[in-house]
Amino acid sequence: MEGQRFASVSQNRADLRFPFPEHFVERLTGKTLIRLGRQAKFLTAELSSGEVLVMHLGMTGRFTVEAAKLGEFHHATGTDPAHDHVVFRMEDGTSVTYNDPRRFGFMELWPAEQFEAYPRLMAMGPEPLSNHFSAAYLDTALKDKKTPIKSALLDQSVIAGLGNIYVCEALWRAKVSPKRLARSVPGQRAARLAPAINEVIAEAIEAGGSSISDFANASGELGYFQHRFAVYDREGEACRTCGDTIRRLVQSGRSTFYCPSCQR
DNA sequence: GCTTGGACCTGATTGC
DNA sequence: TGCAATCAGGTCCAAG
């Protein structure tokens, strides 16, 4: 998409999670996409108009790329076309379709020169694989938090980009109980947790992500990290380290999976 | 202030 | 078989 103009844009409904920006189609059509990027779970596209197109997949959003030449991409998994909400057609004939059954995703436009004031990213914590993230950072960020460590790690203002799966997996690797209050983690536990978070994220990226029911990459290929889950969605199964039974509990309305013996 | 719980949606699965 | 209840990868916002 980079360096190409939007030849046409189809917007098939008025809203996703939020309403589309006013005159969304007109503000994209004919503009050149200068650069694609990502911050936390937000995708960004800098436009020749001076605006940034911000996109979020929510839980079930998916972009599928189809090249003009048939057969250039293979679609391993199909999606219901009833949920194709936006189609970008680029000038070389490639189409990029946004499909999202639950419509928890969204698209917004924001002026590039004021992008540091984009509200949804202003309070973001550091990226796990960046130099700003470390055990020392966790020591500081968690020291006054009265919420369970599981909830704290899901808080994007503490650390950006971790979701429910990877928080569960990182806590298991670090042998930290999800029920432990965040303020009791600084010190030795944070020293284990920071590298565990890095490992989980790096391995999941290498495996192409986690495909439970919806996730697929832009050419339709599924991820493989779900085959390496140690605790997530393994309630009642044996812990790979100690053999004890993996348990499930609900924290902040989200399922947590953990080993009661390994994680303290 | 910080923290929690409900809301936003559809679809798949489970249990009666 | 058919229906209702439950659950799902995320984020926002009102209420406590």
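Values in this document were obtained by computation on a predicted structure and should not be read as measured data.
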| With a 3.5 Å cut-off and just heavy-atom distances, do the side chain of Thr60(A) and the base of dG11(B) make a donor-acceptor pair? | no
| message | Check Arg173(A) with Glu203(A), please: is the shortest side-chain N to carboxylate O separation under 4.0 Å? | response | yes
| query | Are Ser255(A) and Arg248(A) close enough that a side-chain donor and a side-chain acceptor fall under 3.5 Å? | reply | yes
| message | Within the 4.0 Å heavy-atom criterion, would you say Phe225(A) contacts the bases, only the backbone, or no part of the nucleic acid? | response | nothing
| said: Base contacts versus sugar-phosphate-only contacts with protein, heavy atoms under 4.0 Å: please encode nucleotides 10-16 of chain C as B, S and - from 5' to 3'. | reply: BBS----
| Nucleotide dC9(B), atom C1' - distance to CG of Leu57(A) in whole Å | 16 Å
| query | What's the NZ-P distance between Lys150(A) and dG5(B), to the nearest Å? | reply | 13 Å
| Gap between atoms CG and P, on Asp233(A) and dA12(B) respectively (whole Å) | 17 Å
| Pairing stems for DNA chain C [at least three consecutive pairs; Watson-Crick or G-U; under 3.5 angstrom] | B:2-8 with C:10-16, B:10-16 with C:2-8
| query | How is Ser151(A) classified with respect to the nucleic acid when contacts are heavy atoms under 4.0 Å: base, sugar-phosphate, or nothing? | reply | nothing
| Under-4.0 Å side-chain N/O to phosphate OP1/OP2 contact, Lys145(A) with dC2(B) | no
| Phosphate OP1/OP2 of dT4(B): any Thr147(A) side-chain N/O under 4.0 Å | yes
| Pairwise P distance for dT1(C) and dG11(B), with rounding to whole Å | 22 Å
| query | Whole-Å distance between dA8(C) C1' and Gln226(A) CD? | reply | 15 Å
| remark: Contacts satisfying side-chain hydrogen bond (donor to acceptor under 3.5 Å, both in side chains) that involve residues 123-147 of chain A (not counting sequence neighbours) are Arg38(A)-Glu127(A)
| query | Whole Å only: how far is the CZ atom of Arg183(A) from the P atom of dC2(B)? | reply | 14 Å
| said: Distance check, P atoms only: dG6(B) and dT6(C), in whole angstrom units. | reply: 13 Å
| Roughly how many Å is it from CG in Asp155(A) to P in dT4(B), rounded to a whole number? | 10 Å
| said: Centroid separation under 6.0 Å, is that true for the rings of Tyr232(A) and Tyr166(A)? | reply: no
| query | Does the ring of Phe20(A) carry Arg103(A) above it, NZ/CZ under 6.0 angstrom from centre and within 45° of its axis? | reply | no
| query | Which atom pair, heavy atoms only, marks the closest approach of Gln263(A) to Val231(A)? | reply | OE1-CG1, 4.3 Å
| request: Using whole Å, report how far NZ of Lys143(A) lies from P of dC2(B). | output: 12 Å
| remark: Whole-Å distance, Leu181(A) CG to dC2(B) C1', equals 14 Å
| Within a strict 4.5 Å, meaning less than it, do heavy atoms of the Thr79(A) and Arg62(A) side chains meet? | yes
| task | Would you please test Arg89(A) and Ser10(A) for side-chain hydrogen bond (donor to acceptor under 3.5 Å, both in side chains) and show each step? | result | CA-CA 8 Å; Arg89(A) 290 181 197 82; Ser10(A) 301; 3.0 Å; yes
| message | Taking any heavy-atom pair under 4.0 Å as a contact, classify Ser157(A): base, sugar-phosphate, or nothing. | response | nothing
| Does a side chain donor of either Gln39(A) or Tyr118(A) reach within less than 3.5 Å of an acceptor in the other side chain? | no
| query | Where does the angle between the aromatic ring planes of His85(A) and Tyr98(A) fall among parallel (under 30°), tilted (30 to 60°) and perpendicular (over 60°)? | reply | tilted
| query | Quick one: is His83(A) getting a side-chain N or O under 4.0 Å of the dC9(B) phosphate, OP1 or OP2? | reply | no
